[in-house]
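Report on the following structure.
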Number of protein chains: 4
Amino acid sequence: MSSNSRTPRPGRPRSQERRLAVLRAAADLALEDAALPTMDAIAARAGVSRTTLYKWWPSAPAVLLEGLLEHFHESIEFDDTLPVRDALTGQVDALVHLLRDTAAGTLLRRLMAASSSDRAVAEAMLDTWLHPRREHALHHLRRGLADGSVRAGTDVELVADALFAPVYHRLVWAHAPLEDDLAARIGALVWAGIGTP
Amino acid sequence: MSSNSRTPRPGRPRSQERRLAVLRAAADLALEDAALPTMDAIAARAGVSRTTLYKWWPSAPAVLLEGLLEHFHESIEFDDTLPVRDALTGQVDALVHLLRDTAAGTLLRRLMAASSSDRAVAEAMLDTWLHPRREHALHHLRRGLADGSVRAGTDVELVADALFAPVYHRLVWAHAPLEDDLAARIGALVWAGIGTP
Amino acid sequence: MSSNSRTPRPGRPRSQERRLAVLRAAADLALEDAALPTMDAIAARAGVSRTTLYKWWPSAPAVLLEGLLEHFHESIEFDDTLPVRDALTGQVDALVHLLRDTAAGTLLRRLMAASSSDRAVAEAMLDTWLHPRREHALHHLRRGLADGSVRAGTDVELVADALFAPVYHRLVWAHAPLEDDLAARIGALVWAGIGTP
Amino acid sequence: MSSNSRTPRPGRPRSQERRLAVLRAAADLALEDAALPTMDAIAARAGVSRTTLYKWWPSAPAVLLEGLLEHFHESIEFDDTLPVRDALTGQVDALVHLLRDTAAGTLLRRLMAASSSDRAVAEAMLDTWLHPRREHALHHLRRGLADGSVRAGTDVELVADALFAPVYHRLVWAHAPLEDDLAARIGALVWAGIGTP
DNA sequence: GTCTAAACGAGACGGTACGTCGTGTCTTCGG
DNA sequence: CCGAAGACACGACGTACCGTCTCGTTTAGAC
């Protein structure tokens, strides 16, 4: 373990300023315009050559995804002291506010669009965004099964979707707003179905 | 009988053959390739000039959306003789199979992507796709409130989302398949929350 | 000869108002913009349908040419009482002022351009514009040969060109202005070469 | 000798092969068809993308003009040993044959047409075509004034036009052919007006 | 201090699709 | 038969991004 973990390679090292400038430019552009930013636009905004962009990222959505993660890396903490229902509701509530009150909602919607025609982006989004959150919910649901607060035989996979899907649904279709109490109402509905009396 | 419904307007009438050829071409292309067709491609496939396309539709997604409706116009019937739960579950089940077993799923996903950067498409999709289905569900939920099969005070707006959202969620993220019994499981979960004993 | 010379044909007769509106519209447009008017624009300006335009004229330059003749039909009078030199110089002078002081110059230049790719226009321009004026000059030159004011053996064809060509040359190339005394100077130069002492 | 004339600029250098292929394609197309080539056609013939064309030239006539100069760059030599009249007549004669016997005549006529609606082309043609030839003629005329072979007080500007204008006149109107002896006859006519006895 | 290899900038280039304009033709109805 | 209204195919336009390529320049660390 004594070895320097950062293997120094010969040649000029990658510039961190430029990397961050690119990520910030991509995010900014995605918010300003009503469309995915283009590689050209990102390069121009970041003051970086297109060559450099293509060197490090395969596509504009890929840049944007990394930008999203860079800025919204809310760490997911497993707090097992909370009652299961509160832990789950809190998680949904955090998502509602993140999507509604920050830029994450817009960025995420654009990325979901891009993922429909770019398999690499789709998988990256599953790995870095959806799966971690889903695993978190599944963890608490299984905890509930263990401690008896969740009815035995509950279909946890489906419940995980039932908790989050309405939020993404409203983000994508925009047929109804993301209300303040949305998480609480979802929690009440689902808990009525799976909670023990 | 003076009620000649066809008001003859001056000028050469629009060719219905061409219109249908365009809609069919758009749908066909969308299925073959795994991407939204371009205006160029639609025109070439339909044997129609690009000018004509732009005369009648503002964008490629707009053509595709109309083509989709033309080919998948499964009429929504309000069958009030069924028990509320069965009516709702049946509706969800129809959606699951439509999205999974026909091309509608792929097309819909692409159109949802396009709607994220094209307000007109977004509104057209709400009007022609989501709202009719949602209204259908709301109708049955209100019927359940009336006949006592749905618990008084139930948040029907939220329940409508809770029924459909998991299906679209899996369509968009593809983190889990649209199983055969998905509708039944969603129905069971939701009904446990809102059904009267 | 007693018969009515205007043969009345069956059907609705051609509207003279529309014809003149078209010619006027073509000429006006040619002056306003710095380009040949299009069929579309002429039709719109004249309040006439494109169908009607194509019925009576084969192309936009053809309309414009007729419009030009309609508005600038300065009648060419053969005044044989004037000395030959004065008659010729006067003719050139009239051309200089017509091209410089009226819209005819601009229109003519545009039509000459069109004639380079439209044989019909080219021939119409020769017949209605250049040949009449050239014949006029040749008439006076032959008169000069007869009355002895023009040197015997003079190449009248060439002289006719030498008189007019410099004027058109400056119109087309615009490398030098059409001065007030241009006709007089051309006359002096040519007369020094062909006049009898 | 530090005079390294080739200043290496950053970025990929412009491909000379492509540039020449474009110029050659433009000229070839103009000769084959009896019309100005389009950007599309030039690009296709030259095996070059339209983007590249638009990068270097603003319009099709601009390409053609450059192509014309590339292929017909008959160098103008100032031979002051010849008598002034012979020098001028020889210049006109060269023009007559160039316009009549090579493709230059057709091309030039088309370009003159284009120049009537494209200021940039008009100026380029003046700079690269007319002015050099006119200056050449003026040079000899002034030499004639100096050596006494041209009458004192001669209007050299007008004479320069009088020499060339008839040639362009016949090229443009095509009312009479460019005969073999045309230059000689123009020379005789003009010289009768300006020569010293 | 040089050497070296990667990062980086600048810009040319071939593509694909875009949305528009003008042309000329055709189709249908009304005066 | 004249004329209006409008659909339609075609060809060209000029632009926007794309992804790739060829250059030359910069820069940190290794020797």
Side-chain angles (χ1 to χ4, degrees), chain A residues 8-19 35-44 47-56 58-60, chain B residues 7-19 36-44 47-60, chain C residues 8-15 18-19 35-43 47-56 58-60, chain D residues 7-19 36-44 46-60:
Chain A
R9 293 195 288 105
R12 179 176 173 178
R14 179 172 181 189
S15 159
Q16 280 306 311
E17 296 93 59
R18 282 175 238 259
R19 176 175 167 273
L36 279 176
T38 68
M39 284 296 228
D40 275 9
I42 296 172
V48 151
S49 79
R50 288 210 347 274
T51 317
T52 303
L53 271 193
Y54 279 108
K55 168 137 212 160
W56 299 108
S59 67
Chain B
T7 319
R9 291 198 295 101
R12 178 174 172 177
R14 180 174 181 187
S15 160
Q16 282 306 310
E17 296 92 58
R18 282 173 236 257
R19 178 176 166 269
L36 279 180
T38 69
M39 283 296 225
D40 276 3
I42 296 172
V48 150
S49 79
R50 289 225 320 289
T51 318
T52 300
L53 271 193
Y54 281 108
K55 165 141 209 165
W56 298 107
W57 294 275
S59 66
Chain C
R9 293 195 287 107
R12 179 173 170 179
R14 179 174 181 188
S15 160
R18 283 176 236 261
R19 177 176 167 271
L36 279 178
T38 68
M39 283 297 228
D40 275 10
I42 296 172
V48 151
S49 79
R50 285 208 354 271
T51 319
T52 304
L53 270 193
Y54 279 109
K55 170 139 210 158
W56 299 107
S59 67
Chain D
T7 319
R9 292 199 294 101
R12 178 173 171 177
R14 179 173 182 187
S15 159
Q16 282 306 311
E17 297 92 59
R18 282 173 238 257
R19 178 177 165 269
L36 280 181
T38 67
M39 284 296 225
D40 276 2
I42 296 172
V48 151
S49 79
R50 289 228 318 290
T51 319
T52 301
L53 271 195
Y54 281 108
K55 164 139 211 167
W56 297 107
W57 294 275
S59 67

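So you know, we letter chains A, B, ... as the sequences are listed, proteins then strands, and number each from 1. All values derive from a computational prediction rather than experimental measurement.
- Closest heavy-atom contact between C:M39 and C:P58: CE-C, 4.2 Å.
- As rounded to whole Å, 18 Å separates atom C1' of E:dC18 from atom CH2 of B:W57.
- In the interface, the side chain of A:R12 is not paired with the base of E:dA6 through any donor and acceptor atom under 3.5 Å apart.
- The distance from atom CE of B:M39 to atom P of E:dG19 is 6 Å, rounded to the nearest whole Å.
- Closest contact between the side chain of A:T52 and the listed nucleotides F:dA12, E:dG9, F:dC8 involves E:dG9.
- Taking the nucleotide of DNA chain F with the nearest heavy atom to each of B:L53 and D:T38, the more 5' of the two is matched to B:L53.
- Remark on DNA chain E: of its neighbouring residues B:S59 and C:P37, the 5'-side contact belongs to B:S59, judged by nearest-heavy-atom nucleotide.
- Computed from coordinates, the C:K55 NZ to F:dA4 P distance equals 11 Å when rounded to whole Å.
- In this structure, CZ of D:R18 is placed 8 Å from C1' of E:dG14, rounded to the nearest angstrom.
- Nearer the 5' end of DNA chain E, as judged by each residue's closest nucleotide, is the contact made by D:Q16, out of B:A41 and D:Q16.
- The distance between atom CG of C:D40 and atom P of E:dT25, rounded to the nearest whole Å, is 14 Å.
- Heavy atoms of A:S15 sit under 4.0 angstrom from primed sugar atoms or phosphate atoms, though from no base atom.
- Between the CD1 atom of B:I42 and the P atom of E:dG19 there is a distance of 11 Å, given to the nearest Å.
- Note that OH of A:Y54 and OG1 of A:T51 are 10.0 Å apart. Values are rounded to the nearest 0.5 Å.
- For the pair A:R50 CZ and F:dT22 P, the computed distance is 15 Å after rounding to whole Å.
- Close to F:dC8, at under 4.0 Å from its OP1 or OP2, lies a side-chain N or O of B:W56.
- The side-chain hydrogen bond (donor to acceptor under 3.5 Å, both in side chains) search around C:S59 returns none, not counting sequence neighbours.
- Side chain B:T51 to base F:dC10: a donor-acceptor pair is found below 3.5 Å.
- In this structure, C:Y54 places its OH atom 17 Å from C1' of E:dT27, rounding to the nearest Å.
- Residues satisfying the side chain to side chain contact (heavy atoms under 4.5 Å, CB included) test with A:R19, not counting sequence neighbours, are A:R14, A:Q16, A:L23, A:W57, A:E66, A:E70.
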